[in-house]
Amino acid sequence: MRVNVVSDVHGNAKDLAIAGDGADALICLGDLVLFLDYADHSRGIFPDLFGVENADRIVELRSARRFDEAREFGRGLWAELGIDKETAIEAAVRRQYAELFAAFPTPTYATYGNVDMPALWHEYARPGTTVLDGERVEIGGRVFGFVGGGLRTPMRTPYEISDEEYAAKVEAIGEVDVLCSHIPPDVPELTYDTVARRFERGSRALLDAIRRTRPRYSLFGHVHQPLVRRMRVGATECVNVGHFAARGRPWSLSW
């Protein structure tokens, strides 16, 4: 049995269409949407609406952790544009989802990332794509548990939830062979982004569950350039499956 796993797709429909090649199933750990590419400021919803120079500025402010200034700058851009922010973003996300969900092979098992809009997923998930969040599924005789979304941060991305709500989803899946999430467990080596030079939010609830239930694997993404991509926590192999938008290659699990 072989399962290919991707995360942080961020608009890469071309490589997503072949990500399941040679595997019995594809697992996607979220962040399908590309709002702004921090490596190429010309790509994404934001530069499409406001241009590259404004994208350069918003990245500069966010990278400096000047989040209040970044939000004020963004509000000014929306006011100048003169259109409804939520309507415009949803329309752009829908265009991306139509292309990305069409690229999923059968079967695909997917959960949300922090930049995704969960309310829209069931409109685009075709037969053969199973959306899971706080739920379990058996694949090839092993039990996989899925926990979607991220925890609250100053970035205020679309699917950030409270620590309590996130922990309840972790608790709901119980003991599994493979624990699948968008964000990593709260381990410094796994949460530090070496390019952004900051710690992303990891989940203490995931870490506690790993120590308590000892799954074979904990699979996740979210941190695009982690200090450590793979390490053991007790009996569990914790693996950042990679920044698929940049690498274009899935991580594979075989048994």
- Query: Looking only at heavy atoms, which two atoms of Arg136 and Gly174 are closest? And how far apart?
  - Reply: NH1-C, 4.1 Å
- Message: If I take atom NE2 from residue His10 and atom CG from residue Leu16, how far apart are they, to the nearest 0.5 angstrom?
- Response: 12.5 Å
- Note on the structure: Shortest non-hydrogen pair, Pro105 vs Gly20, comes out as CG-CA, 4.1 Å
- Is the shortest distance from a Lys or Arg side-chain nitrogen in Asp37 or Arg43 to a carboxylate oxygen in the other one below 4.0 Å? yes
- Message: Check whether Thr236 reaches the backbone of Cys238 with its side chain - one donor and one acceptor, N or O, closer than 3.5 Å.
- Response: no
- Query: Mind checking whether Leu81 and Ile45 sit in one hydrophobic cluster, side chains of I, L, V, M, F, W, Y counted as touching below 4.5 Å?
  - Reply: yes
- Item | From CA spacing to verdict: side chain to side chain contact (heavy atoms under 4.5 Å, CB included), Tyr112, Val131 | CA-CA 8 Å; Tyr112 318 112; Val131 179; 3.4 Å; yes
- Arg2 versus Trp255: any side-chain heavy-atom pair under 4.5 Å? no
- Does Arg94 pair with Glu90 as a salt bridge, N-O distance under 4.0 Å? yes
- Message: Take a 6.0 Å sphere around CD of Glu175 and say whether it holds more than 12 heavy atoms from other residues, nucleotides or ligands.
- Response: no
- Item | Residue Gln225 excluded, over 12 heavy atoms near CD under 6.0 Å | yes
- Looking at CG of Asp208 and OG1 of Thr213, how far apart are the two atoms once the value is rounded to the nearest 0.5 Å? 10.5 Å
- Query: Would you say Ile18 and Phe101 are hydrophobically clustered, going by side-chain heavy atoms of ILVMFWY under 4.5 Å?
  - Reply: no
- Item | Pro184 side chain near Asn240 side chain, heavy-atom distance below 4.5 Å | no
- Flag the pair Glu123 / Tyr97 as yes when at least one side-chain heavy-atom distance between them is below 4.5 Å, and no otherwise. no
- Point-to-point distance, once rounded to the nearest 0.5 Å, from CZ of Phe73 to CG of Leu61: 7.0 Å
- For the atom pair CZ (Arg57) and CD (Glu60), what is the distance rounded to the nearest 0.5 Å? 4.5 Å
- Taking the side chain as every heavy atom from C-beta outward, state whether Ile58 and Leu36 have any pair of such atoms under 4.5 Å apart. yes
- Rounded to the nearest 0.5 Å, what separation is found between the OH atom of Tyr109 and the CD atom of Glu135? 13.0 Å
- Taking atom CZ of Arg156 as the centre, does the number of heavy atoms from other residues, nucleotides or ligands within less than 6.0 Å exceed 12? no
- Task: Write down the atom of Val147, the atom of Thr111, and the distance for their closest heavy-atom approach.
- Result: C-OG1, 3.9 Å
- Message: Restricting to non-hydrogen atoms, name the atom on Tyr38 and the atom on Arg62 that form the minimum distance, rounded to 0.1 Å.
- Response: OH-CD, 2.9 Å
- Is a side-chain N or O of Asp116 found less than 3.5 angstrom from the main chain of Gly113, in a donor-acceptor match? yes
- Message: Please determine whether residues Val5 and Phe220 belong to a single hydrophobic cluster, defined as Ile, Leu, Val, Met, Phe, Trp and Tyr linked transitively by side-chain heavy-atom distances below 4.5 Å.
- Response: no
- Is a side-chain N or O of Ser181 found less than 3.5 angstrom from the main chain of Ile183, in a donor-acceptor match? yes
- Note on the structure: Exactly one candidate in His243, His224, His222 meets side chain to side chain donor-acceptor pair (under 3.5 Å) with Asp8; the answer is His224
- What about Phe244 and Trp251, are their ring centers closer than 6.0 Å? no
- Audit row: Asp133, Tyr159, side chain to side chain contact (heavy atoms under 4.5 Å, CB included) steps and yes/no: CA-CA 12 Å; Asp133 188 17; Tyr159 192 40; 2.9 Å; yes
- Within a strict 4.5 Å, meaning less than it, do heavy atoms of the Leu49 and Leu77 side chains meet? no
- Query: With side chains defined as the heavy atoms from C-beta onward, is the minimum distance between Ile27 and Leu29 less than 4.5 Å?
  - Reply: yes
- Message: How about CZ on Arg126, more than 12 heavy atoms from neighbouring residues, nucleotides or ligands closer than 6.0 Å, or not?
- Response: yes
- Shortest non-hydrogen contact between Gly202 and Leu151, atoms and distance: O-CD1, 3.6 Å
- Task: Decide, yes or no, whether a salt bridge links Arg152 with Glu165 under the criterion of side-chain N to carboxylate O below 4.0 Å.
- Result: no
- Specify the closest pair of heavy atoms between Val33 and Val93, including all atoms of both residues, with the distance to one decimal. CG2-CG1, 3.8 Å
- Only one of Asp163, Asp186, Thr191 passes side chain to side chain donor-acceptor pair (under 3.5 Å) with Arg201; say which it is. Asp163
- Query: So if you build clusters from Ile, Leu, Val, Met, Phe, Trp, Tyr with side-chain heavy-atom gaps below 4.5 Å, do Leu190 and Val170 land together?
  - Reply: yes
- Task: Please examine the side chains of Leu132 and Phe144, heavy atoms only from C-beta on, and report whether any two atoms are closer than 4.5 Å.
- Result: no
- Note on the structure: Here the gap from Arg142 atom CZ to Leu253 atom CG, rounded to the nearest 0.5 Å, amounts to 6.0 Å
- Task: I would like to know whether Val6 and Val241 meet side chain to side chain contact (heavy atoms under 4.5 Å, CB included); could you show each step before the answer?
- Result: CA-CA 6 Å; Val6 300; Val241 301; 5.8 Å; no
- Message: So, applying side-chain contact (heavy atoms from CB on, under 4.5 Å) with Thr87, which one of Ile89, Asp84, Ile83 is it?
- Response: Asp84
- Quick one: do Tyr124 and Leu100 satisfy side chain to side chain contact (heavy atoms under 4.5 Å, CB included)? Show the steps, please. CA-CA 9 Å; Tyr124 294 93; Leu100 291 160; over 6 Å; no
- Query: Under 3.5 Å, is there a donor-acceptor pair between the side chain of Arg211 and the main chain of Arg214?
  - Reply: no
- Message: Under 4.0 Å between a side-chain nitrogen and a carboxylate oxygen: does that hold for Glu200 and Arg198?
- Response: yes
- Message: Would the distance check show the side chain of Glu160 and the main-chain N or O of Thr157 forming a donor-acceptor pair, the cut-off being under 3.5 Å?
- Response: yes
- Message: Is any side-chain heavy atom of Ser42 closer than 4.5 Å to one of Val52?
- Response: yes
- According to the interplanar angle, ranging from 0 to 90°, do the rings of Phe50 and Phe46 count as parallel (below 30°), tilted (30 to 60°) or perpendicular (above 60°)? tilted
- Task: Group every Ile, Leu, Val, Met, Phe, Trp and Tyr by side-chain heavy-atom contacts under 4.5 Å, then state whether Ile210 and Tyr217 land in the same group.
- Result: no
